[in-house]
Every structure is written in C-alpha cells, then in structure tokens.
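Letters go in sequence order (proteins before strands), and every chain restarts at 1. The structure presented is a predicted model; accordingly, all values stated were derived computationally and were not measured.
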There are 2 protein chains.
Amino acid sequence: MSPTKARAPKRSTYRHGDLRQALLDAGLELARGGGPDAVVLREATRRAGVVPNAAYRHYASRHELLQAVRSAALAALAVAIENELAGLRRAGNPAARARACLRAVGTGYLRFAQAEPGLLRTAFSVPDDLPGSAVPEKAGSSGLNPFQLLGAALDGLVDAGVLPPERRLGAEYLAWSAVHGFAMLVIDGPLRTLSPPQIRAIGQRLLDMVEKGLT
Amino acid sequence: MSPTKARAPKRSTYRHGDLRQALLDAGLELARGGGPDAVVLREATRRAGVVPNAAYRHYASRHELLQAVRSAALAALAVAIENELAGLRRAGNPAARARACLRAVGTGYLRFAQAEPGLLRTAFSVPDDLPGSAVPEKAGSSGLNPFQLLGAALDGLVDAGVLPPERRLGAEYLAWSAVHGFAMLVIDGPLRTLSPPQIRAIGQRLLDMVEKGLT
DNA sequence: ATCGTTATGTGGATGGCGTACACTTTCGAT
DNA sequence: ATCGAAAGTGTACGCCATCCACATAACGAT
C-alpha cells in the first residue's frame, strides 16, 4: 500500500530554511482565499511541508500567526494605495492635484477591496485580545500605513487651501469611515450583489460626498 | 464522586418545549459576547440543556443557526433605530424634521454599535455561502429593516425639498457606508481605542459630512 | 577537527469542535 | 390502545489548537 500516513513531511534538509516566512506566506494565501477564519495553523504548516507543531517555534499561537498575516495584509493595502497615487497624472492646479490625491487614496482602497477581499477582511479583523495601538503600525513600501497615506492627502488639501485647517483634525476618521464602510458592505455585506460597474459608479459618488462634505 | 460525565442533560421532560427558540436565544447571547465566531453549536446546546446533536432537529448546520442569529441581530438593530426615531421631538420646520430623521437613523445605528458590538458584527458577518439578496429581509417591530428605515428617512428629505430627487437614487448606499464604516472601525478596527466622548463627537461630525455631502 | 549547546522539527496525546448514523423516548392522530 | 412521526440520545469520526517529551542538525567555542 501507499503509506496512508505520510506523517513525516519529506524535505531534503531537516531545517526548513525560513519556516517563519513560509508560514506567513501560506497564511497570506489562506487569508486571501477565505479571510481570517481560513488562516488555519495546520494547513499553513502542511503547505510549508512541515509538521503542525513546528509552527510553534516561530509563532506562539495561531493568533500570533494571524496577527502577522494581518500586518502583511495591511502593508499590501498600503502598497495598493501607493500605486494608485503613483499613477496620478499631475494636474497643473494645486487644488485639483490635492483633490486628485484624496480620490486616489479612496479608489486605491476600493480597488484593493475588490481585488483582495479576503486580505482586506483579514487586515481589519478583530485582534481577539491584544489591546493594540489606535492606528496600525505597519507600513507599505513608502514606510507609511494606509491611515498615514490618507492623512498626507488631507494635509495636501489644507495646503492647497481646499480644506479649512479647522476641519482638518479628525478628518481622516470621516473619510476613512466612508470608504471603509463601503468596502465592507461590498465585500461581504448586503451590497455584495451589486455589479462591478455599479460599484465603481457608487464608489465615485461616495468620494464626491466625502469631498463635498469634508470641505 | 459527583458524576464527571453527566452526559445526559437532566431535564424533567424528555421534550424540551421550544428548543429551536432556546438555541436561537443562546446563540444570540454568544454572539453578543463574542461576535459570529462565538456562536458555537455545542455551547448553545449546552446552555439549552440538551445534547449537541439535538440541535440538528431544528437547524441543518451551525451555519443555519448562525444565519438565524444574524437575522435576529439585524432585527435588534432595526428596533434600536426605531427607538431613536420614536424619541424624536418634532420640530416645526419640515426640512429640519427630515434632517433630524436622517440623523436619528445614524445615531441609532452608532448607539447600537457601541452598546452591542458583538451583535452588529454578527449581523454583518459574511454568510459563508448563501448567495442571499442584496438587502437583508428581516425586519424590526415596524416591519422595516435598517436599510428600509434609512430609505424612508431619505425619502423624507426629498419630500421636504432638502435632497434633490436626482440625488436620491443610491443615496442609501452612501449614507450607510459612512455610518457602517465608522461603526466597524470603532468596534474592532483601529478606532477601537477612542474614548466614548470622542466617538460621539466624531460621529456627529460624520453625520454632518453625510448631510452636507449628500444634499 | 571536535564537541557540547541550542535552535528547530518530530511524535504522540488531550480536549474541543462540527457532524453523520443508528437508536430510543415521547406525543398525537387514529 | 396502537402506531408513526418528531425530538433527543449515544457513539463515532475527522479536523482543529496546543502541550510535553524527544530527536536532530547547525553553530560557536575550544
């Protein structure tokens, strides 16, 4: 018979090389497909070609692995936003440019939500226990997290004279809430069944609302 | 010794009476405390004083029970919003009244989010598989679900001449996104650590933004 | 080069979970 | 009184996270 219980994963080297990273990658893949609940420790070790317990040499628990996946997912979101910002054609008018920046942050967020719903859900899933800081630490390639990218865009609006300075404080929360809420309702909420074009259209109107309501 | 394995739950009657409802209640209680993941079938049956498998006479799977809990949680949200609307002092000006209605829907939503975070998270958790309609069916005591209550408030704005009719279509999505997103970020997102007064203040500004951005 | 030390994986076990199948008890219609 | 369906129980399986003891390979001091 073929060995039904191939318990010991076959690997040329006893050492794995970089199991920690391999587990993170596997976890990200799982999260991509099924959100935070799909990040199953045993499955991650399976994919890394290693016995379940090996994971505990690198993460104290499933929650720690999940936390690492969360951070990575958040960083991926930051990268997506940065890409959106990078693809921005620079309009002459500073005010228009500042507005475009804010919109780019929003559309980057929404684009990511549609492209990687599992990762977005994971990034913002509850950390089960950890108190955690008010705002995520992890950063994208530019060293900024999504929240900071949004803040920068808002600063730009103030500099361009579009947003009155007295309305700047806490404005991140307002803009973020609108975009995040829409993303969530679209990903797994009641707006799930809207067609992609509908979603894009409403997304644009949402950004209109934010822009108008904020300034 | 006390019987370590009290397998057969002690009940005077072999029949339970209304196990279906008892399981729903237990599930709601679990969801209240820990969100959708806390709705554990075995624990629900335990609380109902019944063996795990008994649940399958009333729900085909854990997911079906969870779905029932979801509906109940959504109905609870609708009730909370209705209460907020009921407590509204009727201003003379129709326009002001319509605005107050919209605000009441928003504040009811946010109040519920703070009072029952577990239920709100459960109400909007992903239904795992079911396609489901675009908008929840279940209703509060007035027979309307939260989405419909919001729609009614927006209709009122149009009637009062505050909201241009051409902006009415899809306006629910915009308002809902903002409020829902804020609720989510506050419940288990990065805004978790804000103080309740801060939250209330920002919540009001959020509603300002929606009102201004929408009309 | 040798030899511990220690980091890293393995094996085996425990208890919780969802759920399938077969059995038993009770209720209500006949 | 009888019998069939409805509701609960028992047993079992496989999956999960995690604990403990053990094995092995890589590395640094000698």
> Take atom CZ in A/R111; do more than 12 heavy atoms of anything else shown fall under 6.0 Å from it?
Replying inline: no

>> In whole Å, I'd like the distance from the CD atom of B/Q21 to the P atom of D/dA7.
In response: 15 Å

> Hey, is CZ on A/R32 packed in by over 12 heavy atoms from elsewhere, all under 6.0 Å?
Replying inline: yes

>> If the cut-off is 4.0 Å, is A/H58 near the phosphate of C/dG9, judged by side-chain N/O to OP1 or OP2?
In response: yes

>> Let's go through A/R168 and A/D155 carefully: what are the C-alpha distance in whole Å and the side-chain angles of both, what is the deciding distance for salt bridge (Lys or Arg N to Asp or Glu O under 4.0 Å) to 0.1 Å, and is it a yes or a no?
In response: CA-CA 8 Å; A/R168 171 65 184 82; A/D155 286 341; 2.8 Å; yes

>> Base, sugar-phosphate or nothing for B/R46? Non-hydrogen atoms, less than 4.0 Å.
In response: sugar-phosphate

> CG of B/D18 versus P of D/dA6: gap in Å, rounded?
Replying inline: 17 Å

> For B/Y59 and C/dG18, what is the distance between atoms OH and C1' respectively, to the nearest whole Å?
Replying inline: 17 Å

> Going by the angle between their ring planes, with limits at 30° and 60°, are A/F147 and A/W176 parallel, tilted or perpendicular?
Replying inline: tilted

>> From CG of A/L19 over to C1' of C/dT10, roughly how many Å is that when rounded to an integer?
In response: 13 Å

>> In whole Å, I'd like the distance from the CD atom of B/E64 to the C1' atom of C/dT19.
In response: 14 Å

> How long is the line joining CZ of A/R20 and P of C/dG9, in whole Å?
Replying inline: 12 Å

> Atom CG of B/L30 to atom C1' of C/dC17: distance rounded to whole Å?
Replying inline: 14 Å

>> By nearest atom, which of the nucleotides C/dT10, D/dA7, D/dG10 is closest to the B/R15 side chain?
In response: D/dA7

> Tell me, for nucleotides 17-22 of chain D in 5' to 3' order, what letter each nucleotide earns: B for a base near a protein heavy atom under 4.0 Å, S for only sugar-phosphate near one, - for neither?
Replying inline: BBBB-B

> Under a 4.5 Å cut-off applied to non-hydrogen side-chain atoms, are B/I187 and A/V126 in contact?
Replying inline: no

>> Can a donor-acceptor pair be found, under 3.5 Å and without considering hydrogens, that links the side chain of B/R121 to the backbone of B/P36?
In response: no

